[in-house]
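Below: the structure, in structure tokens.
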Amino acid sequence: MTRLSSYLLPTEKEAPADAEALSHKLLVRAGLVRQMGAGLWTWLPAGWRVQRRIEAILREEMNRIGAHEMLMPLIQPAELWKRTGRYAIEELFKLQDRRGAELVLALTHEEAVTSHVAQVVRSYRDLPLILYHLQVKGRDEARPRAGVLRTREFVMKDSYSFDRDQDGLEASYARHIEAYDRIFDRTGLRWYRVAGDVGQMGGSGAHEYMAPCAAGENEVALASGYAANVEVASATAQPVELDERRDAPQEVATPNAKTVAEVAGLLGLPTGALLKAFPVLTEERGMILVLLRGDHRLNEIKLGAALGGAWRAASEAEIAEQIGPAGYIGPVGLDGRLPILLDDGAAPGAYVTGANRSDTHLRGVEPGRDFVFEQGDVRNVEVGDLVDGHPIEIEPAIEVGNIFQLGTRYSTVLGANYLDEQGKEQPIWMGSYGIGPARIAAAAVEQYADHAGISWPAAIAPFMVHLVVLGKPGSVERELADSLYETLIDGGIDVVYDDRDLGAGQKFADAELLGAPVRLTLGRRAAESGEVEVQLRRGSEARPSISLASTLADVEKLCSELA
RNA sequence: CGGGGCGUAGCGCAGUCUGGUAGCGCACUCGCUUUGGGAGCGAGAGGUCCCCGGUUCAAAUCCGGGCGCCCCGACCA
């Protein structure tokens with residue numbers, strides 16, 4: 001029973017003043033969510049219906065690949081998290097019970113599932129296994145933002161795979177790709193599966209599912225046949241005009257010119273003809289000089305991968321001590337003293353570099369001839385760089401799902417082992433896989449909204465049909481609409497009935513805000529002609545009217561066409 | 001965690017500089033009219049002006065402290 005006269009759908013003409021993201025504004029205006037605190041949101045009835053529909057798709061597709069649903073607690077003993085080393089995470093909510101026992105609010109459930117599996121799984125015969133649940137996560141975000149997109153508490157579908165070895169893990173991973181591809185297709189979102197950063201969790205493979213939208217926090221590099229998070233994207237740099245070649249590097253006075261732009265301007269060269277130098281400190285190899293083409297930007301994640309460990313930028317004092325004055329440092333003359341890592345984006349040729357002396361640069365410096373170097377891909381890709389000959393574009397996107405090969409990181413620490421055929425104890429190989437239903441809902445709003453409001457993909461709409469009656473209580477129109485509503489409900493149609501005593505304009509405006517794919521209008525015209533008017537939300541497309549005598553069949557047909 | 005902004009009715013805001021006991025639009029209630037794209041007239045209800053302290057005859061307004069929320073950045077397992 002969803003009659004708006006007795007439903008909680010607090011629509012607003014104006015968005016809250018502090019809302020910035022489109023999905024934030026519209027979800028609030030359409031009466032789907034309400035804020036309780038920073039990053040804390042209530043899903044009102046219509047909004048919750050959206051989430052439930054998304055969850056239904058998740059359950060169907062997870063079950064299809066043989067995953068089993070369960071439920072694990074949000075509140076967990078801190079001890080477990082201390083064992084895996086994740087207790088130190090700042091985002092982890094920590095609390096105590098009345099006796100002072102330490103507890104946490106789980107940010108994901110690796111510790112929980114793994115500790116159960118460790119107790120229960122003994123033999124290779126018990127594997128493989130995929131377990132999942134839909135549960136609230138707690139995260140003490142440094143900065144919640146964009147309405148429902150980055151919150152401190154949210155429902156997540158997280159699944160975990162348990163296999164005998166890496167091959168098994170890769171198979172489970174592949175099944176998740178299958179399931180996730182189907183899930184995101186079914187939601188009706190525009191999405192990409194992109195290569196992701198394996199991050200500090202370690203592991204061998206990771207993909208992210210990205211839904212492009214303006215409010216997205218990530219950037220995705222896209223080319224024909226290629227999609228990657230810019231954190232890890234890799235492409236061929238666009239060529240740039242370099243310095244003139246000469247027999248040897250030549251000093252040039254560059255007083256007070258410290259930045260790439262200043263030096264390039266002074267010498268009349270494009271910034272790409274310079275090599276900029278980033279001295280970094282690593283634990284294993286000490287200081288390393290990283291060189292990038294002047295117009296390129298360092299990618300810290302890729303640098304971490306290239307260096308194979310933690311690093312930090314060197315301080316000005318450290319630079320002065322080991323190389324020269326900041327702003328004028330370069331690779332020439334450092335041979336043997338410091339390893340030099342040259343980014344792949346710098347093609348062979350002559351460059352301008354610092355001379356390791358104040359107010360002085362060198363022209364005509366050629367990597368290889370004038371200094372020895374190692375090579376690596378440590379820069380951010382730029383719009384127009386090529387992948388297999390295709391130029392890339394960069395789009396903002398929101399991460400709606402991720403899949404991750406964990407390996408044995410958790411199983412080893414938590415003792416999740418099994419006995420193989422030889423009776424030998426082996427660690428279980430794990431994967432973890434997440435999807436955020438709220439982000440799917442928000443991304444759908446972002447991707448399909450128009451000037452009038454939300455336009456839901458049919459698969460996740462709170463209602464398939466929005467029935468608007470125009471006519472006072474007691475009128476013929478009302479009687480017809482009441483009985484049409486009953487007919488549709490009995491026929492299993494997801495319908496919301498606007499039976500409020502409001503003007504036509506207000507009802508239409510609310511219908512457009514809420515965004516059900518189909519609007520049926522029953523007013524005086526219908527009472528006279530015996531036909532209900534049909535309009536699709538997407539594009540405000542008018543469809544032929546439907547006879548009151550055959551509405552159920554025709555609406556069913558329309559719905560299946562849209563699904 | 002750094003920088004910026006804001007906190008007055010359900011929502012959007014004015015009033016704060018220059019202290020005098022709170023107002024506008026929308027929404028809400030009642031009556032009449034109206035009724036196919038956010039109606040009209042009339043009458044109403046609704047506020048610890050974020051909190052605590054101080055100054056003052058008097059504080060939404062000035063001073064001190066705190067809390068909350070938003071945006072940019074850092075961060076984001």
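No hydrogens, no waters, no symmetry mates; every other heavy atom, side chains included, goes into these values. Throughout, a chain's letter reflects where its sequence line sits, starting with A, and its residues are numbered from 1. Nothing here was measured: the structure is a model prediction, and the numbers come from that model.
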Every protein N/O lying under 3.5 Å from an N/O of nucleotides 3-7 of chain B:
none

Who are the salt bridge (Lys or Arg N to Asp or Glu O under 4.0 Å) partners of A/Asp163, not counting sequence neighbours?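 With neighbours one apart ignored, the set is empty.
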Could I get the full list of salt bridge (Lys or Arg N to Asp or Glu O under 4.0 Å) partners for A/Lys137, not counting sequence neighbours?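 In terms of salt bridge (Lys or Arg N to Asp or Glu O under 4.0 Å), with neighbours along the sequence ignored, A/Lys137 is linked to A/Asp158.
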Listed nucleotide nearest any side-chain atom of [X], set [options]:
{"X": "A/Ala142", "options": "B/rC11, B/rC69, B/rA74", "answer": "B/rA74"}
{"X": "A/Asp18", "options": "B/rG12, B/rC70, B/rC72", "answer": "B/rC70"}
{"X": "A/Ala509", "options": "B/rG38, B/rG36, B/rG25", "answer": "B/rG38"}
{"X": "A/Arg34", "options": "B/rG10, B/rG36, B/rA74", "answer": "B/rG10"}
{"X": "A/Glu20", "options": "B/rC13, B/rC71, B/rG37", "answer": "B/rC71"}
{"X": "A/Lys472", "options": "B/rU35, B/rG10, B/rG36", "answer": "B/rU35"}
{"X": "A/Gln535", "options": "B/rG12, B/rG37, B/rC76", "answer": "B/rG37"}
{"X": "A/Glu12", "options": "B/rG37, B/rA77, B/rC11", "answer": "B/rC11"}
{"X": "A/Phe508", "options": "B/rG37, B/rC71, B/rU34", "answer": "B/rG37"}
{"X": "A/Asp510", "options": "B/rG38, B/rG37, B/rA77", "answer": "B/rG38"}

5'-most by nearest nucleotide on RNA chain B - A/Ala452 or A/Ala146: A/Ala452
Map A/Thr108 and A/Met36 onto RNA chain B by nearest heavy atom, then report which one ends up closer to the 5' terminus. A/Met36
Round to a whole Å and report the spacing from [atom1] of [X] to [atom2] of [N].
{"X": "A/Gln35", "N": "B/rC70", "atom1": "CD", "atom2": "P", "value": "5 Å"}
{"X": "A/Tyr87", "N": "B/rA77", "atom1": "OH", "atom2": "P", "value": "20 Å"}
{"X": "A/Asp501", "N": "B/rC28", "atom1": "CG", "atom2": "P", "value": "11 Å"}
{"X": "A/Leu107", "N": "B/rC75", "atom1": "CG", "atom2": "P", "value": "18 Å"}
{"X": "A/Ile89", "N": "B/rA77", "atom1": "CD1", "atom2": "P", "value": "9 Å"}
{"X": "A/Leu502", "N": "B/rC26", "atom1": "CG", "atom2": "P", "value": "16 Å"}
{"X": "A/Lys13", "N": "B/rC13", "atom1": "NZ", "atom2": "P", "value": "15 Å"}
{"X": "A/Leu470", "N": "B/rG37", "atom1": "CG", "atom2": "P", "value": "9 Å"}

With rounding to whole Å, what would you report as the distance between [N] and [M] at their [atom1] atoms?
{"N": "B/rG4", "M": "B/rU8", "atom1": "P", "result": "22 Å"}
{"N": "B/rA45", "M": "B/rG23", "atom1": "P", "result": "12 Å"}
{"N": "B/rC1", "M": "B/rU18", "atom1": "P", "result": "35 Å"}
{"N": "B/rC70", "M": "B/rU56", "atom1": "C1'", "result": "35 Å"}
{"N": "B/rC50", "M": "B/rG12", "atom1": "P", "result": "14 Å"}
{"N": "B/rG20", "M": "B/rA60", "atom1": "P", "result": "9 Å"}
{"N": "B/rG5", "M": "B/rA9", "atom1": "C1'", "result": "23 Å"}
{"N": "B/rC41", "M": "B/rG25", "atom1": "P", "result": "11 Å"}

Using a 4.0 Å heavy-atom cut-off, does [X] contact any base of the nucleic acid, only the sugar-phosphate backbone, or nothing at all?
{"X": "A/Ala15", "answer": "sugar-phosphate"}
{"X": "A/Gly523", "answer": "base"}
{"X": "A/Pro10", "answer": "nothing"}
{"X": "A/Ala38", "answer": "sugar-phosphate"}
{"X": "A/Arg519", "answer": "base"}

Neighbour count above 12 (heavy atom, 6.0 Å) for A/Ile75 CD1: no
Crowded around A/Glu90 CD? As in, over 12 foreign heavy atoms under 6.0 Å?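 Not more than 12 within 6.0 Å, no.
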Determine yes or no for a side-chain-to-main-chain donor-acceptor pair under 3.5 angstrom, with A/Lys94 supplying the side chain and A/Tyr87 the backbone. yes
In the strands shown, is [N] matched to any nucleotide by a Watson-Crick or G-U wobble pair with both distances under 3.5 Å, and which?
{"N": "B/rC41", "result": "B/rG31"}
{"N": "B/rG2", "result": "B/rC72"}
{"N": "B/rA77", "result": "none"}
{"N": "B/rG10", "result": "B/rC26"}
{"N": "B/rC49", "result": "none"}
{"N": "B/rA60", "result": "none"}

List, one per line, each side-chain donor-acceptor pair under 3.5 Å for residues 33-43 of chain A, sequence neighbours excluded.
residue	atom	partner	partner atom	Å
A/Arg34	NH2	A/Glu12	OE2	3.2
A/Gln35	NE2	A/Gly37	O	2.9
A/Trp41	NE1	A/Gly147	O	3.1

Any N/O donor-acceptor pair, [X] side-chain to [N] base, under 3.5 Å:
{"X": "A/Glu512", "N": "B/rG37", "result": "yes"}
{"X": "A/Arg29", "N": "B/rG10", "result": "no"}
{"X": "A/Glu533", "N": "B/rG36", "result": "yes"}

Does any non-hydrogen side-chain atom of A/Phe184 lie less than 4.5 Å from one of A/Arg193? no
Side-chain heavy-atom pair A/Leu149, A/Glu217 within 4.5 angstrom cut-off: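 Not in contact.
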Taking only side-chain N and O atoms of [X], does any of them lie within less than 4.0 angstrom of OP1 or OP2 on [N]?
{"X": "A/Gln506", "N": "B/rG36", "value": "no"}
{"X": "A/Arg143", "N": "B/rC70", "value": "no"}
{"X": "A/Arg139", "N": "B/rC76", "value": "no"}

Taking the six-membered ring for Trp, are A/Trp191 and A/Tyr209 parallel (under 30°), tilted (30 to 60°) or perpendicular (over 60°)?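 Because their plane-to-plane angle lies in the 30° to 60° range, the rings of A/Trp191 and A/Tyr209 count as tilted.
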Salt bridge (charged side-chain N to carboxylate O under 4.0 Å, His left out) pairs, two or more places apart, involving residues 516-531 of chain A: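 Residue pairs with at least one partner in residues 516-531 of chain A: A/Glu512-A/Arg519, A/Arg525-A/Glu533.
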A/Ser432 and its side chain to side chain donor-acceptor pair (under 3.5 Å) partner, picked from A/His109, A/His176, A/Gln405, A/Glu110: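 The residue from A/His109, A/His176, A/Gln405, A/Glu110 that satisfies side chain to side chain donor-acceptor pair (under 3.5 Å) with A/Ser432 turns out to be A/Glu110.
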Return all side-chain donor-acceptor pairs below 3.5 angstrom for residues 15-24 of chain A, not counting sequence neighbours, or 'none' if the list is empty.
residue	atom	partner	partner atom	Å
A/Ser23	OG	A/Glu446	OE2	2.8

